[in-house]
Amino acid sequence: MSALILALIAGAVVGLALGALGGGGSVLAVPALIYLLGFTPAAATTAGLIIVTATSLTALYAHARTGDVRWKAGALFAAAGILPAAAAGAAASRLPQPVLTAAFAAIAALAAVKMLRPSRASPGQTPVVRPAKAAGTGAGLGALTGLLGVGGGFLAVPALVTVLAFEMQAAVGTSLLVISANSLASLATRGATTAGIDWAVIGPFTGAAILGAWDGKRLAAKITGPLLQRTFAIVLLAVAAFMLIDALT
């Protein structure tokens with residue numbers, strides 16, 4: 001199968017995940033770029049950020065139109081994570097690739113376990129945003145974004161659900177604001193590394209992801225919050241297991 005077709009298929013899946021789940025784009029894009037399209041781990045993390053930035057901005061617009069974005073909490077998360085994302089992004093190139101892969105897998109597994117726990121949010125309840133808690137969590141997410149080349153949505157969603165007691169739909173929409181800000185901050189520190197990116201692959205990948213994000217948003221509107229959470233967790237566990245085995249072997 002040609003690289004173009006693989007890029008289109010993988011991009012559609014990544015966009016669908018971002019649009020429906022508010023995260024998981026990079027946690028799917030990075031393995032796809034490495035194992036399907038032959039990117040090195042370093043190049044894949046940078047390319048993943050490019051793809052996820054463009055796609056998350058599109059998905060954010062779609063969710064904002066339906067009122068599923070909590071702008072105050074999202075802004076606190078995003079603002080607190082920008083500097084840590086930039087600093088960690090600058091340090092990422094100095095770490096061994098197997099360490100990055102293993103860390104990626106471990107964080108994905110941890111996020112999946114959190115998502116499988118019952119939500120504390122009550123239906124119809126608007127949670128109170130606690131600035132200190134939101135900012136602290138956002139700073140940690142930003143650091144992971146820069147270090148691992150992920151947008152942070154696959155951690156932001158469980159954090160918004162479990163730490164701030166958001167309902168799943170609001171967590172999905174708000175996480176896209178966090179992803180966009182963190183990805184842009186991390187990309188700013190990786191400008192020099194984009195020279196080796198194969199744009200003939202990344203362009204179609206990104207285009208398919210953007211289109212998939214719109215379909216994902218429509219899909220999310222038809223699925224209940226608990227089912228979205230379980231789906232998200234199962235996808236993360238599968239990816240984490242695959243990448244951890246690869247890192248150890």
Side-chain angles (χ1 to χ4, degrees), residues 10-33 44-71 73-82 84-86 89 107-108 111 137-138 141-142 144-146 148-161 166 168-190 194 202-221 228 232 235-236 239:
V13 173
V14 167
L16 193 67
L18 272 171
L21 304 174
S26 289
V27 85
L28 296 175
V30 171
L33 290 166
T45 55
T46 300
L49 283 171
I50 295 170
I51 294 162
V52 170
T53 298
T55 309
S56 61
L57 286 170
T58 301
L60 174 62
Y61 173 72
H63 280 268
R65 291 180 62 189
T66 55
D68 290 330
V69 180
R70 300 278 170 79
W71 295 100
L76 286 170
F77 262 68
I82 287 174
I107 294 299
T137 307
L141 291 173
L144 288 171
T145 294
L148 302 179
V150 298
F154 78 110
L155 297 175
V157 171
L160 289 168
V161 170
F166 274 33
M168 185 63 183
Q169 292 288 0
V172 167
T174 305
S175 73
L176 291 164
L177 176 60
V178 180
I179 295 169
S180 300
N182 285 351
S183 297
L184 285 169
S186 185
L187 271 177
T189 67
R190 295 172 179 246
T194 60
I202 298 306
F205 197 124
T206 304
I210 289 173
L211 293 175
W214 286 98
D215 290 332
K217 174 61 180 73
R218 288 192 288 268
L219 179 64
L228 276 177
F232 194 95
V235 171
L236 286 181
V239 171

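What you see below is based on every heavy atom in this structure, not just the backbone, and it leaves out hydrogens, waters and symmetry mates. Just so you know, these numbers come straight off a predicted model, no measurement behind them. Counting begins at 1 with the first residue of the sequence.
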State, yes or no, whether a side-chain contact exists between Leu57 and Thr53 at a heavy-atom distance under 4.5 Å.
-> yes
Indicate yes or no: at least one non-hydrogen side-chain atom of Leu18 is less than 4.5 angstrom from one of Val52.
-> yes
Roughly how far apart are [X] [atom1] and [Y] [atom2], rounded to 0.5 Å?
{"X": "Thr45", "Y": "Ile50", "atom1": "OG1", "atom2": "CD1", "result": "10.0 Å"}
{"X": "Ile51", "Y": "Leu33", "atom1": "CD1", "atom2": "CG", "result": "4.5 Å"}
{"X": "Leu211", "Y": "Leu16", "atom1": "CG", "atom2": "CG", "result": "11.5 Å"}
{"X": "Ile210", "Y": "Thr58", "atom1": "CD1", "atom2": "OG1", "result": "4.0 Å"}

Check [X] against [Y] and note the closest heavy-atom contact, atom names and distance.
{"X": "Leu177", "Y": "Ala75", "result": "CD2-N, 3.7 Å"}
{"X": "Ala213", "Y": "Thr55", "result": "CB-CG2, 3.8 Å"}
{"X": "Gly74", "Y": "Val178", "result": "O-CG2, 4.0 Å"}
{"X": "Gly19", "Y": "Ala59", "result": "CA-CB, 4.3 Å"}
{"X": "Trp71", "Y": "Ala64", "result": "CZ2-CB, 3.7 Å"}

Stepwise, does the side-chain contact (heavy atoms from CB on, under 4.5 Å) test hold for Leu49 with Thr46?
-> CA-CA 5 Å; Leu49 283 171; Thr46 300; 5.7 Å; no
Are Val69 and Leu60 close enough, and set up right, to give a side-chain contact (heavy atoms from CB on, under 4.5 Å), and what steps lead you there?
-> CA-CA 8 Å; Val69 180; Leu60 174 62; 3.8 Å; yes
Hey, does the side chain of Thr66 reach the backbone of His63 with a donor-acceptor pair shorter than 3.5 angstrom?
-> yes
